[in-house]
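All values below were derived from every heavy atom in this structure, side-chain atoms included, with hydrogens, water molecules and symmetry-related copies excluded. The model shown is predicted, which means the values in this text are computed figures rather than measured ones.
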Amino acid sequence: CGVSVNSFILNVIQQAVVDLGADTSICFSDAMPIFNASNNGASYSWSLNGSALTNTDSILTPQGPGNYSVTVSYGSCSATDDVNLNILSNIPIDIGPDTSVCIGDSMPIISAYWPTVNQYTWYLDGNQVGSNNDSLLTTFAGEYILEVSNKSGCAGNDTINVNVVDIDVDLGGNLALCDNTVFPDLDAGYSGLIYTWSLDGQAIGNTAQTQSISISGTYGVTVSTASGCSGSDSVVVNIQPALSASFNAPTSSRIIVLIT
């Protein structure tokens, strides 16, 4: 009679751990991702949007969009994780909102990135200006369009307008006015912007588009946009006394007529 001895390793776990990764979005033509909940020796229970699936493997290939959940169990120990899968009809590329820069400032760089995109094509006012790069240094004002596609045939596009702001204020030429005439108002133009008026270098306090003339001096204005672009001009106004004149004539005269 002999003695038989068998040995094995017993691993005691405190809790099960499962991680399906971050929520993900793919295009309709892309390959489906694979969700992997692998834990050696565990059992698996999958569900889609709360409804049980028949799959009991550690790996699941989804068949459509939704919320996928898995419970991994070791006897009484279990852990659950879920992931949202979004399937897009096109690539939601985004190059940002329309933008404005002041004349003389650096032109903006516009960019967009999507993990599966392998083709980028840039256009300015309908003319191609770049390709195979997810960013573009703008050069002129206009409408920029980015068209993208990936190897599976999914495509997308987005548009941005770049505006170069040039505030060219013109108050006109210097003025010489008589003090008995109606003085014109100075008009800075550019309705709806921010105005700062001055007289001989001192702020007047007027923030309107127009400024009335009251005394001689140098009237100046700075016109600004909310984004900080600005332009200035000034005009010298010289108000002179009205000319006066008198005319003296005799009160009577004598006319002599000779007849021959």
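- Remark: Ser78 OG to Asn39 CG distance equals 11.5 Å, nearest 0.5 Å.
- To the nearest 0.5 Å, atoms CD1 (Ile91) and CG (Asn150) are separated by 4.5 Å.
- Within the model, atoms OG1 of Thr61 and CE of Met32 stand 9.5 Å from one another, a figure rounded to the nearest 0.5 Å.
- Rounding to the nearest 0.5 Å places CG of Asp105 at 4.5 Å from SG of Cys102.
- Gln119 is linked by a side-chain hydrogen bond (donor to acceptor under 3.5 Å, both in side chains) to Thr121, Asn132, counting only residues two or more places apart in sequence or in another chain.
- In the hydrophobic clustering (ILVMFWY side chains linked at under 4.5 Å, chained through shared members), Ile59 is joined by Ile34.
- A continuous path of hydrophobic side-chain contacts links Leu146 to Ile110 [ILVMFWY only; heavy atoms under 4.5 Å].
- Of all non-hydrogen atoms in Ala79 and Val17, the two that sit nearest each other are CB-N, 4.1 Å.
- Residues that satisfy the side chain to side chain contact (heavy atoms under 4.5 Å, CB included) test with Ser232, not counting sequence neighbours, are Thr222.
- Judged as a disulfide (SG to SG under 2.5 Å), not a single pair has a partner in residues 170-207 (not counting sequence neighbours).
- Here the shortest heavy-atom pairing between Pro65 and Asn49 reads O-ND2, 4.5 Å.
- Here the shortest heavy-atom pairing between Val70 and Ala37 reads CG1-CB, 3.9 Å.
- When the side chains of ILVMFWY residues are joined at heavy-atom separations under 4.5 Å, either directly or via intervening members, Trp46 and Val18 end up in a single hydrophobic cluster.
- Checking side-chain atoms of Tyr195 against main-chain N and O of Tyr190 turns up a donor-acceptor pair under 3.5 Å.
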Distance-only donor-acceptor pairs under 3.5 Å for side chains of residues 80-90, two or more places apart:
from  : atom 1 : to    : atom 2 : distance (Å)
Thr80 : OG1    : Thr71 : OG1    : 3.0
Asp81 : OD2    : Leu20 : N      : 2.7
Asp82 : OD2    : Asn67 : ND2    : 2.7
Asn84 : OD1    : Asn67 : ND2    : 3.0
Asn84 : ND2    : Asp23 : OD2    : 3.2

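- Using a 4.5 Å cut-off on side-chain heavy atoms (C-beta onward), Tyr74 and Ser76 make no contact.
- Rounding to the nearest 0.5 Å gives a distance of 9.0 Å between CG of Asp98 and CD of Glu143.
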### Query
Yes or no on side-chain contact (heavy atoms from CB on, under 4.5 Å) for Tyr120 and Val148, after CA distance, side-chain angles and deciding distance?
CA-CA 5 Å; Tyr120 297 84; Val148 298; 3.6 Å; yes
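- Under the side-chain hydrogen bond (donor to acceptor under 3.5 Å, both in side chains) criterion, Ser230 pairs with no residue, sequence neighbours left out.
- Within the hydrophobic cluster formed by Ile, Leu, Val, Met, Phe, Trp and Tyr side chains joined at under 4.5 Å, directly or through other members, Leu137 is accompanied by Ile109.
- Partners of Ser38 under the side-chain hydrogen bond (donor to acceptor under 3.5 Å, both in side chains) rule, at least two apart in sequence or in another chain, do not exist in this structure.
- Looking at every heavy atom in both residues, Trp114 comes nearest to Ser25 through CZ2-O, 4.3 Å.
- Separating the OH atom in Tyr219 from the CG atom in Asp233 is a distance of 15.0 Å, to the nearest 0.5 Å.
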### Task
Start with the C-alpha distance between Val235 and Leu186, add both sets of side-chain angles, then the distance that settles side-chain contact (heavy atoms from CB on, under 4.5 Å), and finish with yes or no.
CA-CA 9 Å; Val235 60; Leu186 301 175; 3.8 Å; yes
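- Annotation for Tyr44 and Asp57: closest pair CB-O, 3.5 Å, computed over non-hydrogen atoms.
- When the side chain to side chain contact (heavy atoms under 4.5 Å, CB included) test is applied to Ala242, the partners found at least two apart in sequence or on another chain are Asp179, Asn180.
- Of all non-hydrogen atoms in Tyr144 and Thr139, the two that sit nearest each other are OH-N, 3.2 Å.
- Two different hydrophobic clusters hold Tyr123 and Leu136 under the rule that ILVMFWY side chains link at heavy-atom gaps under 4.5 Å.
- Under the 4.5 Å side-chain heavy-atom criterion for grouping Ile, Leu, Val, Met, Phe, Trp and Tyr, Leu199 is not connected to Val236 through any hydrophobic cluster.
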If you look only at distance, which donor and acceptor atoms sit under 3.5 Å apart when one is on a side chain in residues 153-171 and the other is two or more places apart or in another chain?
from   : atom 1 : to     : atom 2 : distance (Å)
Asp158 : OD2    : Ile95  : N      : 2.8
Asp170 : OD1    : Gly172 : N      : 2.9

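- Residues satisfying the side-chain hydrogen bond (donor to acceptor under 3.5 Å, both in side chains) criterion with Ser29, sequence neighbours excluded, are Ser152.
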Output a table of donor-acceptor pairs, distance under 3.5 Å, between side-chain atoms of residues 203-217 and any protein atom two or more places apart or on a different chain; print 'none' if there are none.
from   : atom 1 : to     : atom 2 : distance (Å)
Asn206 : OD1    : Ala208 : N      : 2.9
Asn206 : ND2    : Thr210 : O      : 2.8
Asn206 : ND2    : Gln211 : OE1    : 2.7
Gln209 : NE2    : Asp187 : OD1    : 2.9
Ser216 : OG     : Ile239 : N      : 2.7

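- Here the side chains of Leu177 and Val237 are in contact, with some heavy-atom distance below 4.5 Å.
- Criterion: ILVMFWY side-chain heavy atoms under 4.5 Å apart, direct or through other members. Under it, Ile103 and Leu193 are not part of a common hydrophobic cluster.
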